[in-house]
Amino acid sequence: MLVRDAMSTLVLTIGPAHTLRQAAALMSARRVGAAVVLDPDGTGIGILTERDVLNSVGLGQDPDAERAHAHTTTDVVFATPSWTVEEAAAAMAHGGFRHLIVLDRDEPAGIVSVRDIIRCWAPARERAPQVPA
């Protein structure tokens, strides 16, 4: 199965000046764990995850004052729609992250998460013959 079959094509994008509270509210409303941060005048494409917001709040930082750009991961591994889900899972495991931005022609086309990959693999594992213990 390919990333294009597993990824979510509804991508939440925010700007670097969004506050963490604004970002969290948007992620919560859309029920997603990450937002793509588009900064055409700065670092380009980055990602802000729920973990980034949680870490900031855990440090006692004010989510109304903290801006997305200060918490955005800019050293991002990108997937392409033609990657296999196995390649995506390997990249996530190797990098220690749970979301991959999927680029198509240098534009965000989707996000694939660990949850997306599990959804793809779970039905296949259910159909696999069970080996008696």
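Just so it is clear, the model here is predicted, and its values are computed rather than measured. Positions are given from 1, in the same order as the sequence printed here.
Formation of a donor-acceptor pair under 3.5 Å by the D52 side chain with backbone atoms of T49 is found in this model. Put simply, the side chain of T73 never gets that close to the backbone of V76: no donor and acceptor are under 3.5 Å apart.
In this structure, V77 is a member of the same hydrophobic cluster as I117, with clusters built from ILVMFWY side-chain heavy atoms closer than 4.5 Å. Connection of L12 to I47 is not established within any shared hydrophobic cluster, with ILVMFWY side chains joined at heavy-atom distances below 4.5 Å, either directly or through further cluster members. Connection of I118 to M7 is established within a shared hydrophobic cluster, with ILVMFWY side chains joined at heavy-atom distances below 4.5 Å, either directly or through further cluster members. When the side chains of ILVMFWY residues are joined at heavy-atom separations under 4.5 Å, either directly or via intervening members, V32 and L20 end up in a single hydrophobic cluster. Note on W83 and V85: same hydrophobic cluster, where clusters join Ile, Leu, Val, Met, Phe, Trp and Tyr whose side-chain heavy atoms are under 4.5 Å apart, directly or indirectly.
For the atom pair OG of S113 and CZ of R119, the computed distance is 6.5 Å after rounding to the nearest 0.5 Å. Remark: R21 CZ to S28 OG distance equals 12.0 Å, nearest 0.5 Å. Interatomic distance, D116 CG to I111 CD1, rounded to the nearest 0.5 Å: 9.5 Å. Residue L2 holds its CG atom at 9.0 Å from CD of E87, rounded to the nearest 0.5 Å. Between the CD1 atom of I14 and the CE atom of M27 there is a distance of 6.5 Å, given to the nearest 0.5 Å. From Q22, atom CD reaches atom CD of E66 across 13.0 Å, with rounding to the nearest 0.5 Å.
Here the side chains of L26 and H18 are in contact, with some heavy-atom distance below 4.5 Å. Residues T84 and M1 fail the side-chain proximity criterion, which asks for heavy atoms closer than 4.5 Å.
Within 6.0 Å of CZ on R51 lie no more than 12 heavy atoms contributed by other residues, nucleotides or ligands.
T74 and T72 are not linked by any side-chain donor-acceptor pair at a separation below 3.5 angstrom, with hydrogens and angles left out of the test.
Taking each heavy atom of A68 and G15 in turn, the nearest pair found is CB-O, 3.8 Å.
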Name each donor-acceptor pair under 3.5 Å that joins a side chain in residues 92-110 to protein atoms two or more places apart or in another chain, with its distance.
from: R98; atom 1: NH2; to: E50; atom 2: OE2; distance (Å): 3.3

* **Trace of the side-chain contact (heavy atoms from CB on, under 4.5 Å) decision for V36 with I45** => CA-CA 7 Å; V36 173; I45 300 172; 3.8 Å; yes
